[in-house]
Amino acid sequence: MKIEHFISETVTRSVEALYGKAEGEQLQIQKTRKEFEGDYTLVVFPLLRRSRKSPENTAAEIGEYIVAHTPEIKSFNVIKGFLNLTFEHSFWRARFAEICTDTRYGEAPASGRTVMIEYSSPNTNKPLHLGHVRNNLLGYSVARILQANGHKVIKANLVNDRGIHICKSMLAWKLFGNGETPASTGMKGDHLVGKYYVEFDKHYKAQISELMTAGKSEEEAKKSAPIFQEAQEMLRKWEAQDPDIYALWQMMNGWVYDGFDVTYKALGVDFDKIYYESQTYLLGKSLVEEGLKKGVFFRKEDHSVWIDLEADGLDQKLLLRGDGTSVYMTQDLGTAFRRFEDNKLDDMIYVVGNEQNYHFQVLKLILKKLGYNWSDHITHLSYGMVELPEGKMKSREGTVVDADELIEKMVQTAREMSDELGKLNDCTEEEANNIATMVGLGALKYFILKVDPKKTMLFDPRESIDFNGNTGPFIQYTHARIRSILRKAEEAGIDYSLPVEADCLPEEIELIKTLTDYPNVIAAAGADFAPSIISAYAYELAKLFNGYYHDHSILKEENTAVRQMRLQLAQEVAQVIQHAMNLLGINVPERM
RNA sequence: GGUUCCGUAGCUCAGUUGGAUAGAGCAACAGCCUUCUAAGCUGUGGGUCACGCGUUCGAGCCGCGUCGGAAUCACCA
């Protein structure tokens with residue numbers, strides 16, 4: 001039985017026996033805080049009306065009753081209105097034995113729900129940067145967490161492969177590229193295409209200032225710059241499926257996809273479905289027709305279609321241009337509809353930056369007004385910007401942190417640090433590289449995932465590369481140490497798989513209690529889409545074990561039963577750490 | 001101006017449905033390698049939880065207001 005159920009049932013029964021049945025009132029039970037004696041605590045303040053006694057007397061009365069009627073509970077103490085209950089060691093041992101035999105500990109049974117999570121969704125005109133890294137890591141981790149909560153998860157990526165941005169790169173490549181390819185330059189495809197996007201911008205800016213010195217206003221200059229008009233012409237040709245443009249588009253996008261694949265692989269993220277906007281951008285028009293018929297939308301004189309959301313505190317929003325072409329919102333209405341219909345989704349989660357909060361607010365509202373109740377099951381997992389110590393990232397000013405460079409730097413630093421510390425001296429070159437990769441990426445991933453998604457976060461490259469403190473490598477390190485102990489136990493032929501009856505130290509009880517909490521942590525992280533809850537837990541567990549590890553010997557313990565219990569405990573801690581890190585998409589090395 | 005979000009130690013961040021004396025890490029200082037991995041452990045100092053009012057036995061958390069910051073309010077995606 002789950003421990004929370006056991007406690008709440010026990011306490012509820014006792015309270016009812018003393019004061020009669022409660023009327024839907026929830027008892028407040030929580031883990032006892034470290035500075036007090038006890039395992040679980042009942043807050044008695046809400047019960048005072050029924051007991052008609054002081055908080056202290058009420059708590060004492062309940063405590064006496066519980067201890068007298070519950071063999072598993074050893075003792076109680078009362079501080080103000082808090083009743084602290086202490087359990088017998090045998091109770092914790094039994095609970096620990098349950099955890100050890102559960103091979104899928106922490107994971108919830110199948111829920112029968114299907115959830116789609118869309119993340120990454122890159123543009124194909126430039127490489128991924130730090131903002132995308134946050135997006136990808138969040139999306140992937142939340143997908144893992146939802147799986148652990150028993151849901152069927154579909155990871156989706158909607159690639160924005162068409163539009164004026166890619167045409168800019170294409171045009172600049174055509175004009176100035178001299179036939180360069182990833183193969184001929186040795187450049188990663190996305191970086192090569194990105195290079196021409198920058199190239200376009202350079203010429204564009206030059207033309208604008210030229211036109212402005214010739215007397216045009218900035219706005220005019222922006223519109224009439226020849227290179228810009230040429231890019232627009234290219235987009236028109238693309239939409240008309242001009243064979244030459246189409247071939248160029250396919251070739252350059254292909255380069256970008258090859259480049260993205262490398263980055264995704266390095267980050268350890270993947271997808272079940274990849275959608276391309278070139279195939280979905282015409283969707284949604286029928287929904288607009290439907291909305292017009294229902295009178296939810298209206299048409300203006302120029303034939304453009306709008307919805308008036310002023311009554312909802314928002315403003316008017318365009319849904320279809322005057323020439324009948326669709327806009328972003330049209331497409332998103334269409335794709336949402338298709339996805340719910342095609343996949344029988346229960347929930348849809350979009351991992352998209354907070355600059356689109358308004359968009360998703362409107363999207364949900366419109367679907368609701370069209371009568372689609374599944375609109376309530378759309379979640380925008382919004383995340384804040386990643387800022388640098390010097391200020392904001394601006395791609396045009398060259399202050400972006402490139403994802404590939406960052407990954408390389410992290411791995412390289414991990415390698416340098418471990419060489420310096422002599423950590424990997426007896427590894428082969430290949431092993432050492434693998435470990436450095438896990439550690440470098442672990443540092444990066446943990447650094448990003450431990451922050452609440454909705455907050456703007458500061459990425460300090462120097463701090464992220466510091467492997468001390470509340471970091472991924474610290475947790476990985478704890479895991480590696482435990483594995484090392486277990487290897488040695490195995491070499492010594494110690495069998496610690498059998499149940500043991502040793503008494504536990506307070507630190508050991510503490511560890512078991514923390515392990516007991518793991519399923520709740522996964523559930524909470526799943527409900528809030530919050531990898532940060534998992535990371536906080538993993539750190540707490542690792543820290544707890546580290547302190548214990550320093551103060552008590554495991555292999556050298558002479559009492560066989562105690563040693564077995566400690567080995568079992570170590571093994572279980574390692575497994576839970578590994579599982580938790582897995583949910584964050586972080587690999588844990590066997591040694592480091 | 002409207003909408004949404006943020007404001008917690010010098011810095012970066014936690015803080016579960018409202019509960020006990022608000023927690024970590026970094027930085028600073030003082031200890032700890034003859035003993036299972038020192039990428040570690042132990043200790044010290046550091047706070048008007050932006051501010052005010054309210055609800056409550058009880059507020060960092062809930063409500064209202066003020067101040068400060070961010071995003072957004074495109075026939076871009």
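Quick note on labels: first sequence line is chain A, next is B, and so on, each numbered from 1. Reckoned from all heavy atoms, side chains included, excluding hydrogens, waters and symmetry mates. Bear in mind that the values here come from a model prediction, so they are computed numbers and not experimental data.
- Defined by atom type and a distance below 3.5 Å, a donor-acceptor pair is missing between the side-chain atoms of A:E233 and A:Q229.
- Contact record, A:V256 with A:T124: CG2-O, 3.3 Å, taken as the closest heavy-atom pair.
- Residue A:H550 has its side chain nearest to B:G40 when only B:U21, B:C75, B:G40 are considered.
- When each of B:U37, B:G40, B:A71 is scored by its nearest atom to the side-chain atoms of A:N546, the top-ranked nucleotide is B:G40.
- A:I554 comes within contact range of at least one nucleobase, with a heavy-atom separation under 4.0 Å.
- Heavy atoms of A:H479 sit nowhere under 4.0 angstrom from any nucleic acid atom.
- For the P atom pair drawn from B:C53 and B:U12, the interatomic distance equals 29 Å after rounding to whole Å.
- If you take CG of A:L283 and C1' of B:A77, they are 16 Å apart, rounded to a whole angstrom.
- Under 3.5 Å, the side chain of A:N84 and the base of B:A20 form at least one donor-acceptor pair of N or O atoms.
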Its dot-bracket string being built from Watson-Crick and G-U pairs below 3.5 Å, with | for another strand and [ ] for crossing, RNA chain B has the pattern (((((((..((((.....[...)))).(((((.......))))).....(((((..]....))))))))))))....

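- Nearest-nucleotide mapping onto RNA chain B: of A:T32 and A:N468, the residue sitting toward the 5' end is A:T32.
- Between the side chains of A:D39 and A:T32, no donor N or O sits under 3.5 Å from an acceptor N or O.
- Distance CD (A:E507) to P (B:C41): 15 Å, rounded to an integer number of Å.
- One C1' atom belongs to B:A24, the other to B:U42, and the distance between them is 16 Å to the nearest Å.
- In this model, the phosphate group of B:C36 is not approached by any side-chain N or O of A:R487 to a distance below 4.0 Å at OP1 or OP2.
- Among pairs with a residue in residues 451-495 of chain A, those fulfilling ring-ring contact (aromatic ring centres under 6.0 Å, His included) read A:F447-A:F459, A:F474-A:Y539, at least two apart in sequence or across chains.
- For B:G40, the base is not stacked against the aromatic ring of A:F474, per a cut-off of 5.5 Å between centres and 30° between planes.
- For A:Y477, taking side-chain heavy atoms from C-beta onward, the closest of the listed nucleotides B:A14, B:U37, B:A71 is B:U37.
- Side-chain atoms of A:E355 lie closest to B:A71 of the nucleotides B:A71, B:A20, B:U37.
- The same atom, C1', is picked in B:C61 and in B:G7; the two are 14 Å apart, to the nearest Å.
- For the P atoms, the distance linking B:G40 with B:U4 amounts to 44 Å, nearest Å.
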Once base and sugar-phosphate atoms are separated, protein heavy atoms under 4.0 Å mark nucleotides 2-7 of chain B, 5' to 3', with B, S and - as SSSSSS

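- Atom name C1', nucleotides B:G15 and B:A77: the rounded distance is 37 Å, in whole Å.
- The closest side-chain donor-acceptor pair between A:N354 and A:N357, if any, does not fall under 3.5 angstrom.
- Between the CZ atom of A:R33 and the C1' atom of B:G18 there is a distance of 13 Å, rounded to whole Å.
- The side chain of A:S418 has B:A39 as its nearest neighbour among B:C36, B:A70, B:A39.
- A ring-ring contact (aromatic ring centres under 6.0 Å, His included) check over residues 26-55 of chain A, counting only residues at least two apart or in different chains, returns the pairs A:F45-A:F82.
- Distance A:Q356 CD to B:A71 P: 15 Å, rounded to the nearest Å.
- Here B:G19 is the nucleotide among B:U37, B:A77, B:G19 with the atom lying nearest to any side-chain atom of A:V43.
- Donor-acceptor pairing under 3.5 Å is recorded for the side chains of A:D161 and A:S278.
- Across A:S304 and A:L318, no two heavy atoms sit closer than the pair CB-CD1, 3.9 Å.
- If you measure from atom CD of A:E463 to atom C1' of B:G25, you get 8 Å, rounded to the nearest angstrom.
- You cannot call A:Y539 stacked on the base of B:A24; the centres under 5.5 Å and planes under 30° rule is not satisfied.
- Distance noted for atom C1' between B:G18 and B:C62: 8 Å (whole Å).
- Of the candidates B:A14, B:C13, B:C36, the closest approach to any side-chain atom of A:S553 belongs to B:C36.
- Residue A:V451 is classed as a sugar-phosphate contact, given heavy-atom separations below 4.0 Å to backbone atoms only.
- Residue A:T478 is classed as having no contact, given no heavy-atom separation below 4.0 Å to the nucleic acid.
- Counting only N and O atoms by type, the side chains of A:E572 and A:Y518 include no donor and acceptor under 3.5 Å apart.
- Partners of A:R415 according to the salt bridge (charged side-chain N to carboxylate O under 4.0 Å, His left out) rule, which considers only residues two or more places apart in sequence or in another chain, are A:D419, A:E429.
- In this structure, CD1 of A:I79 is placed 17 Å from P of B:G19, rounded to the nearest angstrom.
- Going from atom CG of A:L388 over to atom P of B:C11 covers 18 Å, rounded to whole Å.
- In terms of polar N and O atoms assigned as donor or acceptor, the side chain of A:T41 comes within less than 3.5 Å of the base of B:A20 in a complementary pairing.
- Legend: residues meeting salt bridge (charged side-chain N to carboxylate O under 4.0 Å, His left out) with A:R321, ordered by chain and number and at least two apart, are absent.
- Within the structure, a side-chain polar atom (N or O) of A:R321 is placed less than 4.0 Å from OP1 or OP2 of B:C76.
- Closest to the side chain of A:M417, out of B:U72, B:C75, B:A39, is B:A39.
- For the pair A:V439 and A:D528, both in contact range of RNA chain B, the more 5′-proximal nearest nucleotide belongs to A:D528.
- Rounded to whole Å, the separation between the C1' atoms of B:A39 and B:U66 comes to 47 Å.
- If you measure from atom CD of A:Q331 to atom P of B:A77, you get 6 Å, rounded to the nearest angstrom.
- Among all heavy-atom pairs drawn from A:R299 and A:L292, the shortest one is NH2-CD1, 3.5 Å.
- For the OP1/OP2 pair of B:G25 and a distance below 4.0 Å, the side-chain nitrogens and oxygens of A:K543 include at least one atom meeting the criterion.
- In textbook terms, a nucleotide whose glycosidic angle is within 90° of 0 is syn, and B:C33 is one such case.
- Look at the C1' atom in both B:C36 and B:U44: the space between them is 30 Å, to the nearest Å.
- The phosphate of B:U37 has OP1 or OP2 within less than 4.0 Å of a side-chain N or O from A:K488.
- With hydrogens and angles left out, the side-chain atoms of A:D315 and A:Y358 include a donor and acceptor closer than 3.5 Å.
- Nucleic acid contact for A:A480: base, since at least one base atom lies under 4.0 Å from a heavy atom of the residue.
- Among the atoms of the strands shown, none is found under 4.0 Å from any heavy atom of A:Q476.
- Judged by the 6.0 Å and 45° rule, A:R481 forms no cation-pi pair with A:F545.
- Counting any heavy atom pair closer than 4.0 Å across all strands shown, A:M592 reaches a base atom.
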